Amino acid sequence: MPTGRLNDADGKSLVPDFRIDAIANIARFVHVTDTKFLGATVAMQAFVPLVDLKVRAGGVRDHKFGLGDMIVNPLVLGWNKGNWHYILTMDTFVPTGRYNKNDLANIGRNYWTFEPLVAISYKNPKGGPEFSAKMALLQKS
């Protein structure tokens, strides 16, 4: 998605000639086990992003393409109670993407991040809409 402005709190442009074009293809690998822990089904997952990032600002351009920061969840706990589904896990952002503090475009953050999260879903048994919420706390380490 391209964006053409980076605004301050008053809505005024902070950076002249600003534009970002970002495309990410993110493969998600999930393995659900037969193991139970605290009444939950145990699973694990990993997200592997392939990122194409173009940035322009103040007459300078930069472009990066490659592996972004991966997210791994070695332990995902999932409970099902009728039409309700609950997930408890810890997203771990691994600094696998390229980063250089002098570059305008970076596809990595250059630091680990730990994000505990809880997700809740309700699946309508009559085929109606599904309602879901995901709550997380982002912690930079």
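What you see is a predicted model, and the numbers here were worked out from it, not measured in a lab. Throughout, residue positions are numbered sequentially from 1 according to the sequence presented.
Side-chain contact, Thr113 with Glu115: no donor N or O sits under 3.5 Å from an acceptor N or O.
Between Pro95 and Arg109 the shortest side-chain heavy-atom distance does not fall below 4.5 Å. Within the 4.5 Å cutoff, side-chain heavy atoms of Val32 are placed close to those of Thr41.
How far CD of Gln45 is from CD1 of Ile87: 8.0 Å, rounded to the nearest 0.5 Å. Between the OH atom of Tyr122 and the CZ atom of Phe131 there is a distance of 9.0 Å, given to the nearest 0.5 Å. In this structure, OH on Tyr111 lies 9.0 Å from OH on Tyr99, to the nearest 0.5 angstrom. Here Asp69 contributes atom CG and Ile107 contributes atom CD1; the two are 8.5 Å apart, rounded to the nearest 0.5 Å. One finds the CZ atom of Phe114 at 11.5 Å from the CG atom of Asp91 (value rounded to the nearest 0.5 Å). In this structure, CE in Met44 is found 7.5 Å from OG1 in Thr35, a value given to the nearest 0.5 Å.
Both Trp79 and Val42 are members of a single hydrophobic cluster when ILVMFWY side chains are connected at heavy-atom separations under 4.5 Å. Clustering ILVMFWY residues whenever any of their side-chain heavy atoms sit less than 4.5 angstrom apart, transitively, puts Val118 in the very cluster that holds Leu77. When hydrophobic clusters are built by joining Ile, Leu, Val, Met, Phe, Trp and Tyr residues whose side-chain heavy atoms come closer than 4.5 Å, directly or via intermediates, Met90 is not grouped with Tyr86. Each of Leu117 and Phe37 belongs to its own hydrophobic cluster when Ile, Leu, Val, Met, Phe, Trp and Tyr are linked at side-chain heavy-atom distances under 4.5 angstrom. In terms of hydrophobic clustering, with Ile, Leu, Val, Met, Phe, Trp and Tyr side chains grouped at heavy-atom distances under 4.5 Å, Phe29 and Ile71 are assigned to different clusters.
A donor-acceptor pair is defined here as one N or O able to donate and one able to accept, closer than 3.5 Å; no such pair exists between the side chain of Asn106 and the backbone of Gly108. Formation of a donor-acceptor pair under 3.5 Å by the Thr89 side chain with backbone atoms of Asn73 is not found in this model. In this structure a side-chain-to-backbone donor-acceptor pair under 3.5 Å is present from Thr96 to Met70. Side-chain atoms of Asn100 come within 3.5 Å of backbone atoms of Asn102 as a donor-acceptor pair (strictly under, hydrogens ignored).
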| query | Which is it for Asp17 and Arg19 under the side-chain contact (heavy atoms from CB on, under 4.5 Å) test, yes or no, and what are the steps along the way? | reply | CA-CA 7 Å; Asp17 186 38; Arg19 182 178 173 99; over 6 Å; no

| Candidate pair Lys64 and Asp62, rule salt bridge (charged side-chain N to carboxylate O under 4.0 Å, His left out), full reasoning | CA-CA 7 Å; Lys64 295 290 183 302; Asp62 199 3; 3.0 Å; yes

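Ion pairing between Asp103 and Lys101 fails under the 4.0 Å rule for side-chain N and carboxylate O.
Cation-pi contact between Arg56 and Phe18: absent, since separation from the ring centre below 6.0 Å together with deviation from the ring axis within 45° is not met.
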May I have the list of side-chain donor-acceptor pairs in residues 47-55 shorter than 3.5 Å, sequence neighbours left out?
unit_1: Asp52; atom_1: OD1; unit_2: His63; atom_2: NE2; d: 2.5

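The neighbour count for Asn25 CG, taken as heavy atoms of other residues, nucleotides or ligands under 6.0 Å away, does not exceed 12.
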